[in-house]
**Q** 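First the structure, then my questions, so here it is.
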Amino acid sequence: MGLLELVTRAGVPGVTFLPEENERAITKKLEKLAPKSAALHCGKAIVAYFDWDFPEAKRHALRSIRIDPDYELAHTAYAFMLISWGRSVEARRQLEMARTANPWP
């Protein structure tokens, strides 16, 4: 599940295809390996966002957060989406939850 976080946060050296293709491939693997995981729904949210399917992106982001309220990437990804949708106050709340879920040393 950490691979989703890795490719979402930064490009992987030596990988020549688009970053969102990495998320697509990882999300497909998660469907088989962890079908009820927060990471799967976070990946589905990211893929739906890339596909401009914002209702699905929101649905999967919220489901990921419901499955694991301490899953930092779900809060961070949803905050990014909220910012792009002009909902900065809600985005700030999500980023605060992300910070709480994964405090910096």
Side-chain angles (χ1 to χ4, degrees):
M1 289 180 236
L3 191 55
L4 179 65
E5 287 83 356
L6 175 68
V7 300
T8 299
R9 294 184 199 286
V12 178
V15 176
T16 57
F17 47 91
L18 297 172
E20 65 256 28
E21 293 308 315
N22 287 321
E23 280 96 359
R24 286 180 201 284
I26 292 165
T27 299
K28 283 224 178 270
K29 287 281 189 192
L30 285 169
E31 286 178 334
K32 294 177 185 170
L33 297 172
K36 296 180 181 179
S37 69
L40 169 63
H41 288 283
C42 186
K44 285 185 172 195
I46 291 166
V47 169
Y49 181 84
F50 284 141
D51 289 342
W52 297 77
D53 188 349
F54 298 150
E56 278 297 292
K58 178 182 177 182
R59 186 174 75 77
H60 283 293
L62 292 175
R63 184 153 184 210
S64 179
I65 291 167
R66 272 193 313 275
I67 291 169
D68 184 354
D70 292 328
Y71 186 39
E72 176 270 330
L73 182 61
H75 291 290
T76 302
Y78 188 43
F80 174 85
M81 294 173 200
L82 288 167
I83 288 168
S84 75
W85 299 331
R87 296 165 56 188
S88 59
V89 172
E90 292 170 81
R92 175 65 183 223
R93 263 186 262 135
Q94 289 299 318
L95 289 173
E96 285 297 320
M97 288 185 234
R99 189 174 60 83
T100 302
N102 188 16
W104 292 57

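Excluded from the calculations below are hydrogen atoms, water molecules and symmetry mates; all remaining heavy atoms, backbone and side chain alike, are included. This structure is a prediction, so every number in the text was calculated from the model and none was measured. Starting from 1, each residue takes its place in the sequence as its number.
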**Q** Check whether any side-chain heavy atom of Arg24 sits under 4.5 Å from a side-chain heavy atom of Phe50, and report yes or no.
**A**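 Heavy-atom side-chain distance check passes, below 4.5 Å.
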**Q** For the OG atom of Ser88 and the CD1 atom of Ile83, what is their distance to the nearest 0.5 Å?
**A**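 That separation rounds to 7.5 Å.
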**Q** Measuring from atom CG of Leu73 to atom CD1 of Ile46, what distance do you get when rounded to the nearest 0.5 angstrom?
**A**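 So the CG of Leu73 and the CD1 of Ile46 are separated by 5.0 Å.
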**Q** How close do Leu40 and Thr27 get, counting heavy atoms only, and between which atoms?
**A**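 Smallest interatomic distance, heavy atoms only, reads CD1-O, 3.6 Å.
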**Q** How far apart are the closest heavy atoms of Ile67 and Ala38, and which atoms are they?
**A**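 That would be CG2-N, 3.7 Å.
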**Q** Who are the salt bridge (Lys or Arg N to Asp or Glu O under 4.0 Å) partners of Arg93, not counting sequence neighbours?
**A**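 Listed in chain order: nothing, the list is empty.
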**Q** Measure the spacing between CD1 of Ile26 and CD of Glu23 and express it to the nearest 0.5 Å.
**A**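 Here the rounded value is 6.5 Å.
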**Q** Which ring-ring contact (aromatic ring centres under 6.0 Å, His included) pairs, counting each pair once, include a residue from residues 24-45, with sequence neighbours left out?
**A**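 For residues 24-45, and leaving out neighbouring residues, the ring-ring contact (aromatic ring centres under 6.0 Å, His included) pairs sorted by first residue read His41-His60.
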**Q** With sequence neighbours left out, what residues match Tyr49 under ring-ring contact (aromatic ring centres under 6.0 Å, His included)?
**A**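 With neighbours one apart ignored, the set is Phe54, Phe80.
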**Q** What are the two closest heavy atoms between Ala57 and Met81, and how far apart are they?
**A**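 Taking Ala57 first and Met81 second, the nearest heavy atoms are CB-SD, 3.9 Å.
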**Q** With sequence neighbours excluded, tell me which residues meet side chain to side chain donor-acceptor pair (under 3.5 Å) with Asp68.
**A**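 Listed in chain order: nothing, the list is empty.
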**Q** Got a sec: does the CZ of Arg92 have more than 12 other heavy atoms crowding it under 6.0 Å?
**A**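 Incorrect, the count does not exceed 12.
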**Q** Hydrophobic clusters here meaning ILVMFWY residues chained together by side-chain heavy-atom distances under 4.5 Å, can you tell me if Val89 and Ile65 are in one?
**A**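 No, separate clusters.
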**Q** List the atom of Ser64, the atom of Ala74, and the distance in Å for their closest heavy-atom pair.
**A**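 Nearest heavy atoms, Ser64 then Ala74: OG-CB, 3.3 Å.
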**Q** Using side chain to side chain donor-acceptor pair (under 3.5 Å) as the criterion, list what pairs up with Arg59, not counting sequence neighbours.
**A**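 If we apply the side chain to side chain donor-acceptor pair (under 3.5 Å) test to Arg59, skipping adjacent residues, the hits are Glu56.
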**Q** Report the residues that fulfil side chain to side chain contact (heavy atoms under 4.5 Å, CB included) with Arg66, sequence neighbours left out, ordered by chain and then residue number.
**A**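 Testing Arg66 for side chain to side chain contact (heavy atoms under 4.5 Å, CB included), a comparison that skips the adjacent residues, returns Leu62, Arg63.
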**Q** To the closest 0.5 Å, what do you measure between NE2 (His75) and CG (Asp70)?
**A**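 So the NE2 of His75 and the CG of Asp70 are separated by 7.0 Å.
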**Q** NZ/Lys36 to CG/Leu30 distance, rounded to the nearest 0.5 angstrom?
**A**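 Atom-to-atom, Lys36:NZ and Leu30:CG are 15.0 Å apart.
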